[in-house]
Protein chains: 2
Amino acid sequence: MNGRASSASPKTLQIIEAALTILRDEGERGLSMRGVAGRVGVSLSNVQYYFRGKDALIRAVVDHYVAQCSRELADATARTTERPLADRRRTLLRDTLRHGHEMTDMCRIFRELWSVAGRDASVEAALDAYYRQTAETLAAALLAPDAPDALKERVVLLVLPYVEGYSVTGRALAQGPDAAVDLLLSLLEDLAPA
Amino acid sequence: MNGRASSASPKTLQIIEAALTILRDEGERGLSMRGVAGRVGVSLSNVQYYFRGKDALIRAVVDHYVAQCSRELADATARTTERPLADRRRTLLRDTLRHGHEMTDMCRIFRELWSVAGRDASVEAALDAYYRQTAETLAAALLAPDAPDALKERVVLLVLPYVEGYSVTGRALAQGPDAAVDLLLSLLEDLAPA
DNA sequence: ACTCGACCTGGTCATATGACCTAGTCGGTG
DNA sequence: CACCGACTAGGTCATATGACCAGGTCGAGT
């Protein structure tokens, strides 16, 4: 990040949120510093004051958004820790795959981030870090606390790619998200009985 | 497609291939009609003669590329039909997931296509059609010819999202593609013994 | 010979974008 | 009070992009 963009400052956040909205709706193709400035209601120079250019802005957007998603997943799974493991699994997978079946904001934005990541190693690294964090959160939510590491890795090896891939292929499949939930649950039951 | 762009004409193919290369390396952000013209070695007006604008060109690129990928998958699976089912499964999954683990051209291009599809319903529909076709090819390659439809759907429900998701998450996982291959093979063996 | 359509080019022009500069305001500090 | 840094804006200018137009060549058909 440009030194003037403190991630906690209100203006910086405004700019990042505006950029995120444009990225979601118009892709990277439609994202310009001037456009972001217009959306925030400040001058181009003011945006350039905080972010040296489009690439710096995109990088800040990536960091901001993956942090937000990590937090949301952690919060969602924290709310179910009191429930039985089978319940937690079902809720998590159902919420996740149903979201994946719709063209949600998150789906759209991740598609844009994947695209950028395919061309920018630092963004790819940021997404990899996000997925590693997500893997840990998933393992904690889907398995008992004392599950061995090998089992955690195996479960995550199944679930994480599946969930991301479902968001781009799910609508083309003959069966809907509930069937995918059932399938994953039964596979998890085989791998790691609840 | 613009009426002047016959998918079989050499100039049209040249333009599409040039656009695909730029899309792969620079994303949609870097794709311009002038840039494509320069890459082909013709004037902007000549490209505009065949494609009314960038959106028409992108749509042609999508159709061309998914047709190519469908063909390649069908050819690859056709080459293994004489082998035992377990062999075929292993070969297909290994080739696919190892590719997914690298940032191959195909990975890059599909990321760009997903991104565009998130914003353009006709591209999303074209990708859905591609995935439906791919699902059929996968089912034929992974199962015996007389497998019931319900089983085909179930296998595809597992494998297709998995393979696509692996291409964006695989590098962040603790285990590599061979472990993913083994996992999928064992899950397939449970679902549909070879 | 003439006409027509396919194909190709160069040019004009409006618009958008970002790099960069200058200048002003405001609050805090010495 | 003067200075400085944080912040904000407006302006200039170079560059890129695409819409669109006019005109030329060539081959086929009448």
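Numbered from 1 within each chain, the chains take letters A, B, ... in sequence-line order. Quick caveat, the model's predicted, so the values are computed rather than measured.
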Are B:Leu44 and B:Ile16 grouped together when hydrophobic residues (ILVMFWY) are joined by side-chain heavy atoms under 4.5 angstrom apart?
yes
Pairing of A:Asp63 and A:Arg59 as salt bridge, 4.0 angstrom limit
yes
Partners passing side-chain contact (heavy atoms from CB on, under 4.5 Å) against A:Asp178 (at least two apart in sequence or in another chain)
A:Arg94, A:Arg98
For A:Arg29, is there an ion pair with B:Asp55 - N to carboxylate O distance below 4.0 angstrom?
yes
OP1 or OP2 of C:dC8 sitting under 4.0 Å from any side-chain N/O of B:Lys11?
yes
Considering only heavy side-chain atoms of B:Tyr49, the closest of C:dA6, C:dG10, C:dC21 is C:dA6
Rounded off to whole Å, could you give me the CG-to-C1' distance for the A:Asn46 and C:dA19 pair?
16 Å
Any Lys/Arg nitrogen of A:Glu189 or A:Arg89 sitting under 4.0 Å from an Asp/Glu carboxylate oxygen of the other?
yes
Indicate whether OP1 or OP2 belonging to D:dT8 is found under 4.0 Å from a side-chain N or O atom of A:Tyr50.
yes
Between B:Asp120 and B:Lys54, is the closest basic N to carboxylate O distance under 4.0 Å?
no
Atom-to-atom span, CZ of A:Phe51 to C1' of C:dA19 - whole angstrom
18 Å
Table of protein N/O atoms under 3.5 Å from nucleotides 16-18 of chain C N/O atoms:
unit_1: C:dG18; atom_1: OP1; unit_2: A:Met33; atom_2: N; d: 3.4
unit_1: C:dG18; atom_1: OP2; unit_2: A:Met33; atom_2: N; d: 2.9
unit_1: C:dG18; atom_1: OP2; unit_2: A:Arg34; atom_2: N; d: 3.2
unit_1: C:dG18; atom_1: N7; unit_2: A:Arg34; atom_2: NE; d: 3.2
unit_1: C:dG18; atom_1: N7; unit_2: A:Arg34; atom_2: NH2; d: 2.6
unit_1: C:dG18; atom_1: O6; unit_2: A:Arg34; atom_2: NH2; d: 2.4

Is there a donor on the side chain of A:Ser43 or the base of D:dG10 sitting less than 3.5 Å from an acceptor on the other?
no
